[in-house]
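A short worksheet on the structure shown next.
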Amino acid sequence: KKSVKDVELKGKRVFCRVDFNVPMKDGQVTDETRIRAALPTIEYLTNQGAKVILASHLGRPKGSVVEELRLTPVAKRLSELLGKEVKKADEAYGDSVKAMVDTLSEGDVLLLENVRFYPGEEKNDSELAKAFAELADVYVNDAFGAAHRAHASTEGIAHHLPAVSGLLMEKELDVLGKALSNPERPFTAIIGGAKVKDKIGVIENLLEKVDNLIIGGGLAYTFVKAQGHEVGKSLLEEDKIELAKSFMEKAKEKGVNFYMPVDVVVADDFSEEANIKTVAIEEIPSDWEALDIGPKTREIYSDVIQNSKLVIWNGPMGVFELKKFAGGTRAVAEALAEANDTYSVIGGGDSAAAVEKFHLADRMSHISTGGGASLEFMEGKALPGVVALNDK
Ligand code: 3PG
């Protein structure tokens, strides 16, 4: 695949798709990780003398204008981070935008309005893709976080312009790609989060590759049930118990060490005020729900992490948003931070948020900017936004 480094950029109008889908509160960006992650590409483009046209989605406005989802606050923050003016368009294509593009000098940056204000974006409408393409000479896709979406600004446009990957896109594909195709061993995957349903593909794919599979979070209790234990009021997907059993059998066949909680923190209520206690996994009381892995489990998981050369982590070990149930997720994050010999890949979404929350982000080897995208990548799926590059 061609990268932004392989094309001539001086004086060129570059349509650069980024993922500025950032959390906001009261018109302020509350987590700017994704904006920072796009800076190397934007700075590369401006340094090369390109006229930079940035495009992103924000939230899910479903094809119409939602005032709170305008990208204006993002333009402001980006401008501060870049240390230069960022122009902001109120539309994402059309005559008014063309006129603004015409005013750009080499090295200037323009941010278009939220591309999801138009119904054609998510439909991957070819007319909209062409309208985007008309603004520019080159297409750069740096939106790894949105690469699993086949939308007009992530996929369609690539069929109408020379299309290359940005530096963040390249780095994400490189790190995740190497991890899955040529992993250093022992290779451990930590899979957590609420639902088995959301992690079926990733467990299936990783069982073929890892030496150790660690299970935690709400989804663990379907496995616990599959092992023959009662789980009280813990999360349980009845219709996935057989599947959980088959995963455990598959692990055995493949010689993959399969780690499950041996103790848990149970609560009589899903709240910070709940009464809690630690119990062995076979002793979850019928009226209580397990909301975190227990101290013995944390120790076992930390040991496995410390003895791994590569760890991929996707999904928290408990309800880390509540202090009382954050200990397990924190223990895993700390073990990763302390394992100096271990390459740690944090697969976006909640695990990235957890690492951020515990102020351990700078001690991880790679934190993916993709939630859904990194999950689909780990499932072994092709990402449409990547496949479309270099089509022309
Ligand atoms: C994300 O936040 O995972 C990406 O920006 C994609 O957003 P979406 O799930 O709304 O398509």
Side-chain angles (χ1 to χ4, degrees), residues 16-25 29-39 41-42 54-66 68-71 73-74 77-78 92 111-125 128-129 132 140-158 165-166 168-169 171-173 175-176 193-195 197-199 201-202 312-316 345-357 361 366-379 381-388:
C16 180
R17 177 58 156 98
V18 288
D19 187 351
F20 285 167
N21 185 28
V22 292
M24 298 231 274
K25 208 180 164 205
V29 176
T30 54
D31 179 351
E32 61 193 31
T33 310
R34 281 179 164 171
I35 306 178
R36 285 181 183 275
L39 294 178
T41 299
I42 300 169
L54 299 172
S56 178
H57 73 284
L58 175 63
R60 293 177 172 170
K62 301 203 158 73
S64 58
V65 176
V66 174
E68 307 82 75
L69 294 177
R70 288 197 182 274
L71 281 166
V74 175
R77 190 66 197 119
L78 174 63
L111 176 61
L112 303 180
E113 190 50 276
N114 190 344
V115 290
R116 285 196 186 165
F117 283 179
Y118 309 91
E121 167 64 5
E122 289 180 80
K123 291 188 188 126
N124 200 2
D125 177 69
L128 182 59
F132 288 147
V140 174
N141 192 349
D142 210 27
F144 174 75
H148 58 316
R149 306 291 184 213
H151 295 171
S153 70
T154 61
E155 202 275 347
I157 183 175
S165 53
L168 172 64
M169 177 70 94
K171 185 176 164 211
E172 292 268 17
L173 295 175
V175 170
L176 297 173
K195 291 181 192 144
K197 173 167 91 51
D198 297 334
K199 302 289 161 81
V202 76
I312 287 185
W313 182 18
N314 187 298
V345 178
I346 314 302
D350 285 341
S351 345
V355 164
E356 236 6 278
K357 185 182 165 118
H366 180 78
I367 302 179
S368 177
T369 52
S374 72
L375 191 63
E376 290 199 21
F377 192 95
M378 287 184 222
E379 289 173 359
K381 285 191 191 152
L383 306 178
V386 176
V387 175

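Whatever order the structure lists them in is the order used to number ligands and atoms, beginning at 1.
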**Study point:** Option from Leu71, Val65, Val66 for which side chain to side chain contact (heavy atoms under 4.5 Å, CB included) with Leu69 holds
**Key:** Val66

Revision key, fill the gap. Looking only at protein heavy atoms, what sits closest to atom 5 (O) of ligand 1 is Asp19 OD2, 2.9 Å

Revision key, fill the gap. shortest atom 9 (O) of ligand 1-to-protein heavy-atom contact is with Arg60 NH2, 2.6 Å

Practice item. Run the numbers on His366 and Glu172 for side chain to side chain contact (heavy atoms under 4.5 Å, CB included), then give the verdict. Key: CA-CA 9 Å; His366 180 78; Glu172 292 268 17; 3.0 Å; yes

Practice item. Could you check atom 3 (O) of ligand 1 against the protein and tell me its nearest heavy-atom contact, residue, atom and distance included? Key: Arg34 NH2, 3.6 Å

Check your understanding: What is the closest protein heavy atom to atom 4 (C) of ligand 1, and at what distance does it sit?
Key -> Gly145 O, 3.3 Å

Point to revise | For ligand 1, the portion of His151 having any non-hydrogen atom under 4.0 Å away | key: neither

Study note, to complete from the structure: For Arg149, the atoms of ligand 1 under 4.0 Å from one of its heavy atoms are 8 (P), 9 (O), 11 (O)

Point to revise | Verdict with reasoning, Arg70 to Asn114, per side chain to side chain contact (heavy atoms under 4.5 Å, CB included) | key: CA-CA 6 Å; Arg70 288 197 182 274; Asn114 190 344; over 6 Å; no

**Study point:** Residue Asn21 vicinity, atoms of ligand 1 by number, heavy atom under 4.0 Å
**Key:** 1 (C), 2 (O), 4 (C), 5 (O), 7 (O)

**Study point:** side chain to side chain contact (heavy atoms under 4.5 Å, CB included) between Leu383 and Phe144, worked out
**Key:** CA-CA 9 Å; Leu383 306 178; Phe144 174 75; 3.7 Å; yes

Review point. Taking all non-hydrogen atoms of both residues, which atom of Ala55 and which atom of Val115 are closest, and how far apart?
Key: CB-CG1, 4.1 Å

Study note, to complete from the structure: Ranked by distance from atom 7 (O) of ligand 1, the top protein heavy atom is His57 NE2, 3.3 Å

Review point. Rounded to the nearest 0.5 Å, how far apart are CG of Asn141 and CD of Glu155?
Key: 10.0 Å

